[in-house]
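Worth knowing before you read on, the calculation uses all heavy atoms, side chains too, and leaves out hydrogens, waters and symmetry mates.
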Amino acid sequence: FDLAAARDLQTHIQQTEDSTQLESFMVEAFEGGGLDVERIAQRSYAVRAGMDYHRPFPGFHGEQMGGTFDRDIAMRHPERVLLTWDHPMVRDTVDTLLAHESGNACVARLSGGTPGLCLEALFVAEPTISSQWRADRFLPPTPIHVLIDVEGETTTVEEEALRDNLSATDAAILEMPQVTALVPQLLDTAREKAEGQTAPIVEAALAAMSRELEPVVQRLTELADLNPSVGMLEVEAAREQLRQLQGGLSTVRVRLDAV
C-alpha cells in the first residue's frame, strides 16, 4: 500500500468534487439545448423544457428534472440527480457535442491586424481498416489543426489575441459572392495541409504496432516449434493481424471535423 499515492489520489478526487467546471459546462449545455435552468439551491438546479427545446437532450425525460453537482446535497435530496463526469447524461452530452453536426462550424470577427479572411479547420486522422483489427489501439482518432490566411498560407494567431479581440459576427458574410467562392478553395487547401501532417502520425502508429505485435508473432512461432499445443492456426492468425495492420495503418483518412 502506497500511502503517498493514496493521499494524492484522495486530494485529486476532492479537487474534482469541489471544482465548478462540470457545473458550468452542464448549465451552458442545458441552455444551449433549449432547456430552462433555474438555480434552486447551492449547486442545485431545476431543469425544464423551454420554448426553444426541440431536439431531445441526452438523458432528459419528461418536462423537468432536478439535479445537483454536490454529493452531500444528493444524499440529503435523493430526488435530485447527482451529475458527475462519469454520469451517463454527462457522457452522452459530451458525445453529442463532439459527434453531432450542429455546432461544428462558426464565423467570428478578429479585430486588429491586417484586414482579410482566415480559415481555421480541425481535421481528424483515423484508420480506415476494419474495426475487427482494433487499429485504434495504435492510431486513435488524432486531431490535426490547420489555420490559413486568404492566400492559403499557414498562419498563426496568438491565444491572447483570440481571447481579447474575437467577437461574434453576422453569418450572412458567408453569403457574399467573393466569400462563397473562396471558402471551398480554402477548405481544399486546408485539407491538403492536413494530409501533409499525417506522415509522423502514421510512423508513430506503425512503430507502436510493431513493438507490440512483432514479438508476439515471434514468440508464437518459437513456441509452435517446441509446444504441440500451440497450433499453426494461432501463429497464422497473429501473422495475419500483423499484415493487416501494417497495410491498414499505412493509409489514414483525414476527416473534416470542424471549421
Contacts of Phe57 that satisfy ring-ring contact (aromatic ring centres under 6.0 Å, His included) - sequence neighbours left out: Phe30
Decide yes or no for Phe138 and Leu206: does some side-chain heavy atom of the first lie under 4.5 Å from some side-chain heavy atom of the second? no
Name all residues meeting the side-chain contact (heavy atoms from CB on, under 4.5 Å) criterion together with Ser210; count only those two or more places apart in sequence or in a different chain, and write none if there are none. Glu214
Met232, CE atom: more than 12 neighbouring heavy atoms under 6.0 Å: yes
Over 12 non-hydrogen atoms of neighbours within 6.0 angstrom of CD in Gln42: no
Could you tell me which residues satisfy salt bridge (Lys or Arg N to Asp or Glu O under 4.0 Å) with Arg134, sequence neighbours excluded, listed by chain and number? none
Who are the salt bridge (Lys or Arg N to Asp or Glu O under 4.0 Å) partners of Glu38, not counting sequence neighbours? Arg48
Contacts of Arg239 meeting salt bridge (Lys or Arg N to Asp or Glu O under 4.0 Å) (sequence neighbours excluded), chain-then-number -> Glu236
Donor-acceptor side-chain pairing of Thr68 and Arg43 below 3.5 angstrom: no
Looking at Leu3, I'd like to know if its CG atom is crowded, meaning that more than 12 non-hydrogen atoms belonging to other residues, nucleotides or ligands lie closer than 6.0 Å. yes
Return each pair, listed once, that meets salt bridge (Lys or Arg N to Asp or Glu O under 4.0 Å) where at least one residue sits in residues 64-76; pairs must be two or more places apart or across chains. Glu17-Arg71
Closest heavy-atom contact between Ala135 and Leu249? CB-CD2, 3.9 Å
Partner residues of Glu222 under the side chain to side chain donor-acceptor pair (under 3.5 Å) criterion, sequence neighbours left out: Gln218
Taking the side chain as C-beta and beyond, is there a heavy-atom pair between Glu126 and Thr142 under 4.5 Å? no
For Glu120, all residues meeting side chain to side chain donor-acceptor pair (under 3.5 Å), sequence neighbours excluded: His145
Above 12 or not: heavy atoms from other molecules or residues under 6.0 Å from CD of Gln132? yes
Residues which pass side chain to side chain donor-acceptor pair (under 3.5 Å) with Thr96, listed by chain and number, not counting sequence neighbours: none
Leu9: which other cluster members, linking ILVMFWY side chains closer than 4.5 Å, directly or transitively? Ile13
Applying side chain to side chain donor-acceptor pair (under 3.5 Å) to Asp225 and not counting sequence neighbours gives none
Donor-acceptor contact below 3.5 Å, side chain His77 vs main chain Glu79: no
Could you tell me which residues satisfy side-chain contact (heavy atoms from CB on, under 4.5 Å) with Ala194, sequence neighbours excluded, listed by chain and number? Phe123, Ile144, Val146, Val254
Should we say atom CD of Glu63 is surrounded by more than 12 heavy atoms from elsewhere, each under 6.0 Å from it? no
Counting only heavy atoms not in Arg109, do more than 12 fall under 6.0 Å of its CZ? no
